[in-house]
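Reading through the structure tokens given below for one structure.
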Amino acid sequence: MKEIEVTVPLGRELDASAARSAAARALGVKSEMVGECRTVRRSIDARKDLLWRYRIEAYRADETPDGGYQVPEYKDVSSAPEVIVIGGGPAGMFAALHLLQCGLKPVILERGKDVHARKRDIAALSTAGIVNPDSNYCFGEGGAGTFSDGKLFTRSSKRGDIREVLHQLVNFGADPSILIDAHPHIGSDRLSSIVENIRKCIVEHGGEYHFNTRVTDIDRLPDGRISVRCAVAGGFTALPQDARTPIADAIGPSQASLGPSPSVRPGAARGPVYPVADACYATGGREFVARKVILATGHSARDIYELFERKGWALEAKGFALGVRAEHPQYLINKIQYHGKYQPFMPTAEYSFVTQIDGRGVFSFCMCPGGVLVPSMTEEGEVVLNGMSNSGRSGKTANSGVVVSIEPEDFPEYMKQGPLGLMQLQREVERTMFRYSGSIKAPAQRMQDFCRKVISRDLPQSTYHPGTVTAPLHELLPEHVAMRLKHAFPQIGNNLMRGYYTNDALLLGVESRTSSPVRIPRDPESLQYASLPGLYPCGEGAGYSGGIVSSALDGIRCAEAVFKSRP
């Protein structure tokens, strides 16, 4: 096998015959000597001519390629030892899937609702400004990633085997192109069905989902097990069909040992998902008990950090990034990135950049081509924005976070409050935006007006459904952030993307949920929390990832650590 690079004009695909011919030319052999050709990676090269750049593996005609990556089998875990997984976002979902492979039973506690019920709360937030603190763009089945562009940019093998994440996503409904694209994405219109398919797989193999189940306390019992107490609201619990026990008895005592269960064939069904009606799941409290708990609550679960602080458990302040969402006409981004050569058959253009201003990074974050802006607050009295786009990326505007790195030493006055100091800064900026607008309307300013410190007299139309209000963002943002953005936007327009710095671009505040401003420290080898052995802090909420793929990989690492720690 030889790996070679092949280019074709944008608008054409590399078929099998063309790949063999290109491989033969590159290797200096006859076409009949080349057998199977596999695409490993595909990217757009717009530096000069507009090209698809393929990296392919070419095999000899007499060579038998291996079978490629195969998703490991999921085991029947109906009677296996239980592992509690707190949070149903990417880290929690992929931890649960890996537990199935290890023969352990995941019991997922999700404070929000299933993906369908969650959509109703999101609609109420966007149209009426009603914030459900447990069901919104951040909380609910699939986590914050469910309603996003679904970008899968992490490619570093240092975090784990990326193939396990990408192939499982394809297995649950993602387009196979994510396996080869340099900048793969799924799209908000497809993510909800994918996360639902993941849930069904977990339940069909004996795992459990408990929605509307918000953790209120975690403690160690005298026998060494961990107690997780929850506030439970009306909703449904997803259980295998053969586990139709009363809700109060659904989870029995965990077994002391963590041995694997017998293997079953991939996709072997345990029966349909069994929904429990709201009336059967009354509002109240509930306790779950297990010897191992994976904590994957996401970057916005501030109540978990506050719980740990009250208990005197270890926490660390962690740098994060804060700034604005920048919204441009998509045709302008297409023109810039394709050097004026954009044609309708070409993929919608995206962008990314990073620069340094006065010792701190300024960079684009969660760029959404052809996307829309959405309200991502999790508490009343806040304004927080994020972006999302569907798989076709066909909207008329492009949006991206443009954010400034913040480190604990940048705000010593907040660090006097302890490890949650930067979280309080984050919260205060979000509340400042709300106080200015008087609602969840976003304070907004044209880009050049922002840099000139001028309040915009009018604003271009925005995709942010709750609406905008003209505002002095240069004053509402912390000076640490505003000063660096003021210098960055002209620099980006002059040096990186000519045309980007324009008053046709709208800045909206605030983009603040880029990552967690708190880290829950864990042992680098066992991945356990020193303050509570048997608890595995995981994913973005614990401060160990940033994005769908890296969070999923960290979930897999924690699940594997749980498996290896069995007696």
TODO: Could you walk me through whether Glu110 and Arg214 pass salt bridge (Lys or Arg N to Asp or Glu O under 4.0 Å), step by step?
DONE: CA-CA 7 Å; Glu110 170 54 55; Arg214 176 171 50 83; over 6 Å; no
Open item on the list: Measuring centre to centre across the rings, with the benzene-like ring taken for any Trp, is Tyr331 within less than 6.0 Å of Tyr342?
Closed with: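 No, the ring centres sit 6.0 Å or more apart.
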- [ ] May I ask you to check whether Phe308 and Tyr529 place their ring centres under 6.0 Å from each other?
- [x] yes
When you measure from the side chain of [X] to the backbone of [Y], do you find a donor-acceptor pair of N or O atoms at a distance under 3.5 Å?
X	Y	answer
Thr146	Glu141	yes
Thr7	Trp52	no
Asn390	Gly392	no
Arg446	Asp458	yes
His339	Lys335	no
Thr297	Gly541	no
Ser192	Val115	no
Thr432	Glu430	no
Asn136	Cys138	yes
Asp181	His183	no

Grab the two heavy atoms, one from [X] and one from [Y], that are nearest each other, plus how far apart they are.
X	Y	result
Ile108	Ala96	CD1-CB, 3.6 Å
Ser515	Gly319	OG-O, 4.2 Å
Pro176	Val170	CA-CG2, 3.9 Å

Calculate, to the nearest 0.5 Å, the distance between atoms [atom1] and [atom2] belonging to [X] and [Y] respectively.
X	Y	atom1	atom2	value
Met433	Ser439	CE	OG	13.5 Å
Asn399	Ser462	CG	OG	8.5 Å
Leu322	Thr514	CG	OG1	7.0 Å
Leu553	Ile548	CG	CD1	12.0 Å
Cys538	Phe94	SG	CZ	12.0 Å
Gln337	Lys341	CD	NZ	13.5 Å

TODO: Validate the cation-pi geometry between Arg522 and Tyr536: distance from NZ or CZ to the six-membered ring centre under 6.0 Å, angle to the ring axis within 45°.
DONE: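 The answer is no; the distance or angle limit is not met.
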Task: Cation-aromatic face contact Arg41/Tyr54, 6.0 Å, 45 degrees - done: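 No.
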Regarding [X] and [Y], does a basic nitrogen lie under 4.0 Å from an acidic carboxylate oxygen?
X	Y	answer
Arg519	Glu540	no
Glu5	Arg55	no
Glu382	Arg302	yes
Lys311	Asp217	yes
Asp303	Arg310	no

- [ ] Take Tyr305 and Ser516 through the side chain to side chain donor-acceptor pair (under 3.5 Å) test and state the conclusion after the steps.
- [x] CA-CA 10 Å; Tyr305 305 136; Ser516 170; 2.8 Å; yes
TODO: Going by the side-chain contact (heavy atoms from CB on, under 4.5 Å) test, name the single residue among Leu508, Val383, Leu477 that passes it with Pro443.
DONE: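 So the option named by the test is Val383.
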Open item on the list: Name the residue from Val384, Leu385, Asn386 that meets the side-chain contact (heavy atoms from CB on, under 4.5 Å) definition with Arg513.
Closed with: Val384
TODO: Run the numbers on Glu428 and Tyr414 for side chain to side chain donor-acceptor pair (under 3.5 Å), then give the verdict.
DONE: CA-CA 11 Å; Glu428 185 172 308; Tyr414 283 90; 2.8 Å; yes
TODO: Only one of Gln445, Arg452, Lys453, Lys486 passes side-chain hydrogen bond (donor to acceptor under 3.5 Å, both in side chains) with His474; say which it is.
DONE: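 That would be Gln445.
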- [ ] Can you establish whether the number of heavy atoms outside Lys318 located under 6.0 Å from its atom NZ is more than 12?
- [x] yes
Open item on the list: So, using ring pair (Phe, Tyr, Trp, His ring centres under 6.0 Å) as the criterion, who are the partners of Phe411 when residues are at least two apart?
Closed with: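 Ring pair (Phe, Tyr, Trp, His ring centres under 6.0 Å) list for Phe411, sorted by chain: His480.
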Open item on the list: Is the ring pair Tyr500/Phe489 parallel, tilted or perpendicular, if the boundaries are 30 and 60 degrees?
Closed with: parallel
TODO: Could you verify whether a donor N or O on one side chain and an acceptor N or O on the other, from Ser545 and Asp554, lie under 3.5 Å apart?
DONE: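 Checked: Ser545/Asp554 side chains show no N/O donor-acceptor pair below 3.5 Å.
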- [ ] Verify whether one side chain among His98 and Glu164 offers a donor that lies under 3.5 Å from an acceptor in the other.
- [x] yes
So do [Y] and [X] actually touch side chain to side chain, heavy atoms under 4.5 Å?
X	Y	result
Leu152	His185	no
Asp504	His328	no
Glu379	Arg427	yes

Open item on the list: Applying salt bridge (charged side-chain N to carboxylate O under 4.0 Å, His left out) as the test, list every pair that has at least one member in residues 396-413; sequence neighbours left out.
Closed with: Arg360-Glu409, Arg360-Asp410
- [ ] List the steps and the verdict of side chain to side chain donor-acceptor pair (under 3.5 Å) for Thr355 and Gln491.
- [x] CA-CA 9 Å; Thr355 187; Gln491 184 184 105; 2.4 Å; yes
Acceptor/donor pairs from residues 464-473 side chains to any protein atom, 3.5 angstrom cut, sequence neighbours excluded:
| residue | atom | partner | partner atom | Å |
| --- | --- | --- | --- | --- |
| Tyr464 | OH | Ile440 | O | 2.7 |
| His465 | ND1 | Ser126 | O | 3.3 |
| Thr470 | OG1 | Ser456 | O | 2.6 |

TODO: Begin from the C-alpha positions of Val510 and Val324 and carry the test side chain to side chain contact (heavy atoms under 4.5 Å, CB included) through to its verdict.
DONE: CA-CA 5 Å; Val510 63; Val324 296; 5.9 Å; no
